Each structure stands twice: as C-alpha cells, then as structure tokens.
Amino acid sequence: MRARVLIRPKAGILDPQGQTVERALPALGFHGVSDVHVGRLVELEVTDPSQLEAMCEQLLANPLIEDYDVEVPTQPRPPGAL
Amino acid sequence: MRARVLIRPKAGILDPQGQTVERALPALGFHGVSDVHVGRLVELEVTDPSQLEAMCEQLLANPLIEDYDVEVPTQPRPPGAL
Amino acid sequence: MKLGVVAFPGTCDDRDALDACARVGEAVPLWHADADLHGVDAVVVPGGFSYGDHLRVGAVARFSPVMAAVAAFARDGGPVLGICNGFQILCEAGLLPGALLPNVSLRFAMRQTTLEVLSQACDWTRPLTVGERLSIPAKHTSGRYFAPVETLRELDDGGQIVLRYVEDPLPNGSVADVAGVCNAAGNVLGLMPHPEHAVDELTGSADGLRLFAAVSAALA
Amino acid sequence: MSAWRELGLTDDEYALIVGKLGREPNGVELAMFSLMWSEHCSYKHSKPLLRTLPTEGPRVVMGPGENAGAVDVGGGLSCAFKVESHNHPSAVEPFQGAATGVGGILRDIFAVGARPIAVLDSLRFGEPSSDRTRYLLEHAVAGIGHYGNSIGVANVGGEIYFEEPYEQNCLVNAMCLGLIETDALIRSAAAGVGNQLVLFGARTGRDGIGGASVLASAELGELDAGKRPTVQIGDPFEEKKLLECSLELLAAGLLVSLQDLGAAGLTSSASEMASKGEVGLDLDVRRVPLREADMEPFEIMVSESQERMLCVVEPDRVEAVLALCAKWEVNGTVIGEVTDSGRLRVLDEGAVVGDVPVGALVDDCPVYELEPAPPATPIYPAPTRTLEEGLDPAATLLALLGSANLASRRWAFQQYDWLVGSRTVRRPETCDAAVLVLDPTPPADPDAPRPGLAVSIDGNGRRVACDPYRGAVEAVVECSANLACAGAEPLGMTNCLNFGNPEKPHIAWQLTRAIAGLADACTAMGAPVVGGNVSLYNESGGGPIYPTPVVGMVGELPDARAAGQLGWAREGDAVAVVAAAGWAPALAGAELSKLRGLPLPSELPAAELGELHALHAAVRQGVRSGVMHSAHDVAEGGLAVALAECCLASGLGASVDLAPLAPHGEAGLFGEAPGAFVVSGAPETLAGLGAAATVVGLVGGVSLDVAGAFTLPVTELVRVHAAGLADLLP
Ligand SMILES: Nc1ncnc2c1ncn2[C@@H]1O[C@H](COP(=O)(O)OP(=O)(O)O)[C@@H](O)[C@H]1O
Ligand SMILES: [Mg+2]
C-alpha cells in the first residue's frame with residue numbers, strides 16, 4: 001500500500017526555510033500567512049506498514065531535530081488529497 | 001486555518017533522494033519497500049485558502065519539475081494525521 | 001563599459017564576480033532591493049546561496065525588485081550572465097529554459113572541470129572557438145540541468161547549448177553533460193561552473209576571464 | 001540533588017558564590033554562574049598552564065584574550081585567526097555540531113572586524129571499520145561543507161585521523177583566518193556609561209540551553225538522550241547577513257565594541273564585555289527578540305542560539321546601526337546599556353531578576369591546580385592489528401598509502417569550496433600548506449610581487465599519546481615544516497587542546513607535558529601563540545581520547561607566485577633528502593607500527609629544535625629562491641610514503657637510491673621522526689646545497705623505483721591512494 005511520511009522540524013527548533021518562505025510571501029502579494037514550516041515528504045509503497053515507525057526513527061527522520069507523522073490509507077483520503 | 005502543501009518531483013524525473021532511501025532501507029532490515037519518492041512539505045497558517053493554488057504556482061513549486069497538492073482541512077483529518 | 005553584479009542576501013561570489021568584471025571594464029555592484037540597474041551595459045547574476053537556497057534554489061531571489069529590472073534588460077537584448085545560483089535564478093525567472101535539480105550524488109561537489117565550447121551563438125562566447133576547451137572550476141549541490149526532451153532538441157538545434165562538461169564530469173547528473181545554456185536571442189547565458197573564479201593563472205586558470213572579455217569587447 | 005550540583009558546580013564553588021553575593025543566588029543568577037564557572041568558560045583547569053605559552057613576537061598585533069588573535073602580514077594588513085573545538089555537540093549531532101562549529105569560529109573572526117577568508121578543519125574519529133565512525137565522518141564533513149560553502153569562505157585545508165580512542169569522543173576542530181586593516185581591529189571591551197547595548201542577528205530560541213555546562217563539562221555518558229533537545233541548528237544564510245552587516249557597521253565607524261555570542265550566550269558575551277571594559281551592564285531580557293514567546297529569563301540569558309552578535313553603540317548612533325541591520329534583513333534591538341555599577345543586572349520588563357558583580361562571574365571562579373602524575377601502566381591498549389608483518393616493501397607501501405590515515409582526503413575536500421574569494425594559490429593535495437594571496441586583484445605592475453600567506457593545521461594525537469612532550473613538539477614542528485615547504489615563515493600560531501578529564505592525574509600529566517612541549521617548540525620555531533581553545537573531559541566509558549593538541553600556524557610569503565609545491569615539477573630534476581644531522585626515523589610509534597597493532601612506545605625520537613629551525617629556514621629559502629622545484633616534509637609513513645606522495649601529486653615517477661642515508665631497511669623506508677624533507681630541483685643546484693642535502697636520484701619515468709626495495713607504477717600508487725577513504729564510504 002502507498003504510505004506517506006511527513007517530516008517537519010521539531011517545535012522550537014530553528015526552521016530557517018519556513019522563515020524564508022514566510023518573509024517571501026507578502027512581497028508577492030500574499031497576506032495573512034503565518035507560522036510557515038518547511039519539511040520533507042516521503043511517499044513509499046510498503047507491504048508492511050507496521051515497519052514505518054521504525055524506518056522513520058532509523059532513516060527517514062532525524063529524531064533529534066525532527067518530528068514525523070506516518071499516514072497510511074486506513075480510510076478514504078479527504079477530498080483534494082492524493 | 002492550517003493548510004498543507006505537498007510537493008513532489010514530477011513523474012519521470014530522476015529522484016536521487018528517493019532512490020537513496022530505497023537503497024538504504026534493505027540494509028537496515030526493511031524489506032518490501034518500493035517506489036520511494038522524497039518531496040517537500042510546506043505547512044502554513046492561512047486566512048484565505050483560495051490563495052494557496054497561486055502561491056504554489058508562483059513560489060512553492062516549480063511546475064516544470066514538480067507536482068503539488070494542496071490540502072486544507074475541509075473535513076476531519078484521517079486518524080494519524082496532524 | 002559597465003558591468004553590473006547583482007547581490008542578494010546570501011550571495012557569496014559577488015566579490016569575485018566584481019573583481020572579474022573590473023578586469024575587463026567598470027564593475028558596478030547592484031543591490032537586490034534596488035530596481036535601478038544604474039546604466040550598466042551588462043549584468044552578472046553571481047553564485048552563492050541567495051536566501052539560503054531555502055525552499056528551492058533560486059526560487060525566492062527571482063522575485064526581488066532588481067530581477068524585474070534584469071528581466072526587462074534581458075528582453076531588450078542586454079547581455080546577462082547567470083553563474084551557478086545565478087543560473088538557477090534565471091531559470092526560475094523564466095529567462096532561461098529548464099531547471100537545476102539536486103546533484104545525483106546529493107552532495108556539494110567541487111572540481112576543476114574541463115568545458116567544451118559548443119556554440120558561439122551567444123554574446124558571452126562569440127569570440128571563442130567551437131570545440132575549444134576551458135578549465136573552469138564548478139561547485140554546487142544542485143547542478144543537474146533538466147529540460148524536457150522537446151526543449152532540449154530545440155536548444156540543441158538553436159545552438160543554445162553553449163558549454164558541456166568533458167572529462168571527469170561532475171557527479172551532478174546533468175542531462176547530456178550540459179554545463180551552460182543561452183536563450184534563443186543569445187544574450188542571456190547561464191552556466192553552473194564559475195568563470196569568475198578562473199581569472200588568474202595564480203589561482204589555477206584564467207580561462208573564465210574570456211567570457212567577461214567577450215562581452216566587454218563586443219560592447220566597447 | 002541540589003540545583004547547583006546538577007548544574008555542575010561543586011559545593012565549595014556554590015559556597016563561594018553565596019559569599020560573593022552575600023546571599024543565595026536566584027535561579028537566573030545560578031544559571032549564569034554555572035555557565036561562567038564551567039570549564040568551558042572559566043578555563044579553571046588550564047589557565048595557569050596556558051600562561052606558560054609564549055605570546056609575544058614582533059609581528060603579534062593582538063594576543064590571546066580577544067575573540068581571535070592577529071598577526072601583521074604586511075602592507076598595513078593583519079591576519080586574525082583562531083582554532084576552536086565543537087567536539088561534544090558533534091558527537092551528539094554531527095552535521096549540525098560541525099556546521100555550528102564552523103559558524104562559531106567564523107563569528108570569532110569577524111567579531112574582531114576581520115573578513116574571514118579561509119577555514120580549515122581538523123577531525124578525529126574512531127577506526128573507519130565502525131559504523132559510528134562512518135556516520136560521524138560523513139555528517140561532520142557535510143556539515144562543515146554546508147556552512148562554509150554557503151557563507152562563501154574557502155575551506156583550504158585540514159586533517160582527518162582515525163584512531164580507536166576517538167570512537168566515543170570524536171574531535172571536530174575548526175580554524176578560521178580573516179584579513180583586516182590593522183588600524184581597524186576592534187576589541188570587545190564595553191565602554192562609555194550610557195552607551196547602548198545592541199543585540200543583532202537571529203532570534204533567540206531554546207537552542208543549546210545548558211550546552212556549555214552540560215555538554216562541555218561532563219563526560220558523555222548514559223544521559224545523552226535526555227540532552228538531545230538542546231541541539232543548536234546553524235543557519236549560514238543568517239550568518240552571511242550577520243557577517244556583512246557587522247563589517248559594514250564597523251566600516252561605518254558606528255561601533256564602540258563588538259562581541260559574538262558563543263558558549264553561554266548572552267551571559268558570557270555581556271559579562272566578558274563588561275569585565276574587559278571594567279563597567280557594568282543592564283539588560284532587559286524582554287527586549288530580546290524570541291523565537292518562542294514563553295521563554296524564561298534564565299533561558300534567554302543562557303540560550304546558545306546561533307548567528308547573534310552584541311555591540312556597544314553611542315546613543316546618537318543607534319538609529320544608524322538599526323538602519324544598517326534593516327538593510328541586511330537582520331534583527332537589531334537595543335537590549336540594554338552600559339552602567340558604572342560594575343554589575344551585570346538582568347531585567348525582565350524593568351524588574352530586576354538577576355544582579356551580580358561582573359567580576360564574580362568572570363574572574364572569581366576558583367582556579368584548580370592540576371595534580372599531574374605519569375601513568376604507572378599504559379593508558380591506551382595497542383591498536384588493533386590490520387596488517388601482517390613480513391610483507392615486502394612494495395606491499396607495505398601500498399598498504400600504508402591506502403590506509404585510513406594516509407589515503408587521499410579527496411572524498412572530503414571535494415565537498416568543500418576551496419576557492420571562493422579567488423585567493424587560493426595552493427589548494428589541497430598540491431602543497432604541504434595552503435597558500436593564499438592577500439589581494440586577489442593583481443597589481444598594476446605585472447612584475448610586482450603578490451604577497452601571500454600560508455597556513456597549516458596539524459596534531460597527531462597518537463604521537464602525543466606516546467610521548468606528550470615530544471608529540472606536542474612534533475605538532476608545532478610539523479606545521480612549521482609545512483610552511484617551509486610552501487616557502488613561508490611562521491608569524492604565529494593558534495592551538496586547540498583536546499584532552500580527557502584533567503582531574504585525573506595521568507591526564508593532568510599529559511596536559512602539562514604537552515603544553516610544555518608546545519611552549520618550547522613555539523619559542524624555538526618563532527611562532528608565538530595568539531589564541532586558542534581548550535576542550536577537556538573528552539572521555540567516556542571507553543577511556544580518554546589520545547591527548548590531541550591541534551596546532552594551526554600562519555606564515556608569510558613575500559610572493560605567492562613563488563609558492564612551493566609538493567609534487568615533482570619536471571622530469572630530469574634531481575631528488576634530494578634534506579635532513580637534520582641527527583635525523584633518526586624510528587618505527588616505534590609510526591603509522592606502520594599502528595597498522596601492525598604494536599603497543600605505543602613511551603618515548604619518541606628527540607628533536608633538536610635549534611637545528612630544525614635552521615633546517616626549515618634553509619628549505620624555505622630554497623623554495624622562495626626557486627632552487628627547490630618541489631618540497632615535501634617526511635611525516636606519517638616515513639620517507640617511502642613521502643616519495644610516493646611527490647609522485648602522486650605530479651603523476652611523475654622517480655628513481656632513487658637511499659643507500660647514502662641511515663638507517664636502512666624498514667626504519668629507513670617507513671620510520672618517522674621530525675626533521676627531513678624530500679625536495680627536487682636542477683641537479684647542479686641541488687648538489688650544491690650543502691651537508692644537509694643528500695642527492696638520492698632523479699625524477700622521471702612512470703614508476704617509483706627505490707633501489708633494492710621496490711618498483712611500483714605511479715598508476716598503482718594513485719589507485720590505492722585514491723580508493724583508500726572513498727571505498728570506506730558510500
Ligand atoms: N589553548 C589556548 N592557547 C592560547 N590561548 C587560548 C587557548 N585557549 C583559549 N585561549 C584564549 O582564551 C580566550 C577565551 O577563549 P574562548 O572562551 O574560547 O573565547 P570565545 O568565547 O571568544 O570563543 C581567547 O582569547 C582564546 O584565544
Ligand atoms: Mg568569541
């Protein structure tokens with residue numbers, strides 16, 4: 001099945017990418033945007049989704065500085081999502 | 001509201017990050033994983049979600065090399081998602 | 001003959017580019033927030049890590065006021081040279097076709113590269129000879145040139161593929177070993193290697209100076 | 001456990017603090033004391049020893065005590081330089097630890113007003129057979145490259161050694177050099193009652209809270225995981241803006257004094273500035289721009305968020321300062337002012353939350369006398385054997401060239417930008433020292449000299465472990481020899497003392513002996529110490545690291561066009577060995593003995609320092625005059641490896657007969673001792689060099705041929721040398 005891992009800087013950890021995007025948007029005329037964070041998206045085909053957690057700990061994320069969420073399609077995705 | 005943009009390399013364009021992950025997993029004892037792709041995750045607080053599409057086109061993604069999906073919480077997130 | 005060198009926050013090869021320009025003409029620093037090109041005859045968008053390379057290389061810099069002026073200047077036929085991050089910015093800005101993706105090695109890679117000149121259909125290489133080789137260093141993390149197949153064919157047909165890596169190419173995975181491309185009009189050149197770091201035999205090579213000299217001579 | 005003990009203070013130290021204050025410190029004050037009285041900030045175990053280092057010389061412009069020292073490089077310019085460690089943070093998170101190590105040393109350089117022009121890095125890991133070593137190496141190198149490349153400062157050299165005692169405690173030391181007009185050097189002393197204190201740069205978050213006392217003063221052990229949330233993240237983009245902003249502020253003459261924020265953050269920077277200026281400071285933590293709104297005063301005072309600077313500004317210049325900060329898109333905020341109280345007062349929206357005498361924080365930490373005693377039994381086990389005895393010299397040479405310590409470092413330095421700035425005249429693997437031209441713009445007169453400088457970093461911990469005094473001498477001699485090969489004369493040096501727990505007598509003995517060696521060698525080689533850093537407590541369950549004084553030396557080249565090179569220059573040149581009269585290379589403690597798993601000896605060959613000084617001068621002169629077309633010092637792996645390296649760097653072979661030299665056999669080929677060089681040049685001129693030079697053969701052909709020992713194709717040498725490190729890594 002196709003799983004998805006969302007990896008983002010841990011709360012409180014410096015996120016320079018998010019800051020840059022947040023500062024760039026108003027200049028392009030986009031207002032009302034705040035709290036921007038940039039992370040990584042890993043999408044993968046897995047046979048055993050119970051392994052995803054361990055994959056994140058060991059390889060996909062750096063648990064020292066990143067949080068992650070694993071999403072497996074246990075139910076239909078909300079509209080607009082892949 | 002908190003929105004989420006998922007950006008991934010366009011199909012057909014070499015994704016060395018995805019390949020590297022795919023190659024590294026078996027060595028760590030994870031098998032049955034394939035078709036790995038690594039992209040970017042942008043999470044942001046927006047007042048006007050209708051602007052998200054334009055933000056992607058102009059800044060967040062490069063349509064020549066990347067596809068994107070915008071996710072706004074139109075309904076409760078699936079379990080396990082943030 | 002005035003050559004302007006653009007600097008964004010995070011640009012770090014601007015001093016070398018200014019120095020290279022000063023060897024062939026008058027070098028004028030241009031600031032990202034300033035939309036005025038101060039009457040320069042040519043523009044160099046140098047390398048570095050504008051806006052920290054955050055989000056996507058070149059993505060943020062292209063929206064700065066100076067880039068609007070550079071785009072207008074380029075449309076009017078003014079010579080523009082994008083080096084490394086400058087090349088990435090010009091691609092993002094649509095002044096050059098294609099995009100630069102992360103090296104297949106996923107690492108920053110620095111080499112003294114050998115480049116073959118493939119085309120003179122460009123203001124920056126006109127006095128050079130097709131087939132001749134230049135020794136110019138390259139250094140980058142995102143130097144994998146990509147363009148759709150049809151675009152590549154057009155580029156090739158139009159003499160817009162100006163430079164390619166030969167011998168010991170970088171582990172960047174660039175399609176057809178492309179190192180530099182120009183626009184259809186031939187006034188805008190983008191390349192990943194750094195001619196501004198190759199202007200003095202004392203530091204390894206002076207081959208890069210020839211690109212600057214080409215434009216300077218044409219405009220003199 | 002009592003709060004002070006948890007923060008690393010002893011009961012006696014705490015009692016002393018109570019005495020100084022006349023009351024119990026509150027939480028903010030205790031946090032500040034615990035950091036300022038940590039080993040990292042107070043040098044409480046090393047201060048007396050550091051005072052024995054020679055710090056004066058005709059070219060010293062600024063000695064230890066400021067953010068970086070500086071030497072006069074001629075033409076009204078000075079070179080500011082310093083080496084610093086980031087060992088413990090790198091052991092926890094190698095990419096960010098190494099990256100912020102580079103960030104920190106860069107700030108020390110531009111804190112004195114100099115524009116950084118070059119970085120070097122000195123790394124120590126366990127053996128590459130370990131997964132952890134490969135992980136640390138890969139990420140540390142990537143982190144160093146990421147920061148330096150992004151900010152646009154060339155990485156021109158460094159060194160990597162792999163030895164088992166570094167397995168649990170890797171070393172990541174970074175050195176930076178900057179250039180400045182001597183008149184423009186700025187100091188960090190705060191001055192002028194009523195002047196404003198401006199903090200500029202990144203916002204303050206919870207990075208590295210407790211870092212200085214917890215990460216740098218205790219041995220890494222079980223607690224590791226709990227300390228992890230404090231990892232500092234480096235942002236070279238922010239630092240680049242900070243650098244340009246700082247230099248522009250200085251050029252505009254807007255600052256009274258400038259100081260970077262490093263270990264212990266605002267606490268250390270503010271109290272050091274006040275102490276040096278003999279003034280007081282009031283600062284309000286609520287004015288500090290925060291990344292997280294809910295930070296406590298103590299957290300703001302000790303946060304080690306990166307990319308921040310502090311300056312003192314006259315009130316009528318504050319506006320101009322803040323305008324320049326805005327130009328560079330850097331936060332700039334007035335957070336306090338200079339007072340005549342002699343106290344550091346911490347306010348929280350005007351309410352006093354901490355109030356301590358500056359002197360108590362900065363000067364009153366007790367200094368501990370070391371109790372050195374030589375170890376009764378060897379401290380370190382013999383290295384693990386990886387090479388059998390009885391191999392012929394050809395196989396032995398190939399094994400050495402491909403070994404982790406001697407193989408090509410290309411894998412690493414190709415991830416570094418060695419050229420940005422366009423000053424790099426000698427890049428890695430072309431010369432024993434990196435060479436930079438001071439001014440990349442050529443003079444109008446094409447025949448005018450192009451003044452330059454050379455820089456080298458060195459420190460072989462295993463040699464120091466064998467014999468702390470002579471090993472430390474060798475580190476200095478090696479740097480000086482490297483400069484000589486480039487044609488450069490030492491101007492000054494910096495050092496980073498990486499040792500184990502100094503409270504243990506045998507570590508105290510290593511430290512004492514090594515510093516004595518450094519001091520004697522610096523004096524003899526004419527290289528005064530202008531600054532440095534100390535990193536102690538590098539030990540864990542596996543025992544202490546090898547004692548590792550890392551020496552960085554800067555030298556002067558009147559004309560960079562005459563810079564030396566290590567590879568042979570042309571076929572037909574003569575090859576000579578230039579050696580001190582008493583040069584007696586030995587296998588004991590040599591690289592070959594390490595591969596063979598032999599125990600460390602307790603003594604290294606002695607070095608006659610006066611003679612070496614003269615020898616280095618002769619080589620330097622030979623290079624400068626052009627008599628020596630190439631020059632390379634004989635170091636790890638001995639003469640055979642040195643000859644091979646000359647072939648590797650040029651692609652040319654050579655035929656030599658070492659019979660005129662002593663000793664013969666393996667010790668002659670692979671033995672090590674300071675005091676010898678391999679040089680090449682025109683046969684007639686080399687023959688006339690005098691007694692120190694013995695002509696041993698000729699450059700040419702496609703093989704390295706050592707009569708009676710081996711003949712090896714240069715292509716084979718290249719293959720083994722290139723693959724050695726690269727093959728270990730993905
Ligand atoms: N091993 C050493 N040799 C000479 N000087 C040293 C040594 N260690 C530290 N110093 C000097 O002591 C002062 C304080 O060092 P440090 O606390 O590392 O400074 P900073 O906080 O600026 O990094 C500096 O001037 C430094 O050069
Ligand atoms: Mg400092």
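It should be emphasised that the depicted structure is a prediction, and the values quoted were computed from it without experimental measurement. Every chain is numbered from 1, with letters handed out A, B, ... down the list of sequences.
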Any chance you could measure [X], atom [atom1], to [Y], atom [atom2], to the nearest 0.5 Å?
{"X": "A:His37", "Y": "B:Arg2", "atom1": "NE2", "atom2": "CZ", "result": "6.0 Å"}
{"X": "B:Leu25", "Y": "A:Leu60", "atom1": "CG", "atom2": "CG", "result": "6.0 Å"}
{"X": "B:Phe30", "Y": "A:Thr47", "atom1": "CZ", "atom2": "OG1", "result": "12.0 Å"}

Do [X] and [Y] have side-chain heavy atoms sitting under 4.5 Å apart?
{"X": "A:Met55", "Y": "B:Val21", "answer": "no"}
{"X": "A:Asp48", "Y": "B:His31", "answer": "no"}
{"X": "B:Arg40", "Y": "A:Leu41", "answer": "no"}
{"X": "A:Arg4", "Y": "B:Leu6", "answer": "yes"}
{"X": "B:Leu44", "Y": "A:Asp35", "answer": "no"}

Query - Backbone N/O of B:Val42 and side chain of A:Arg8: donor-acceptor pair under 3.5 Å - result: no

Report summary line: Whatever's closer than 4.5 Å to a heavy atom in chain B on A:Ile7 counts as backbone

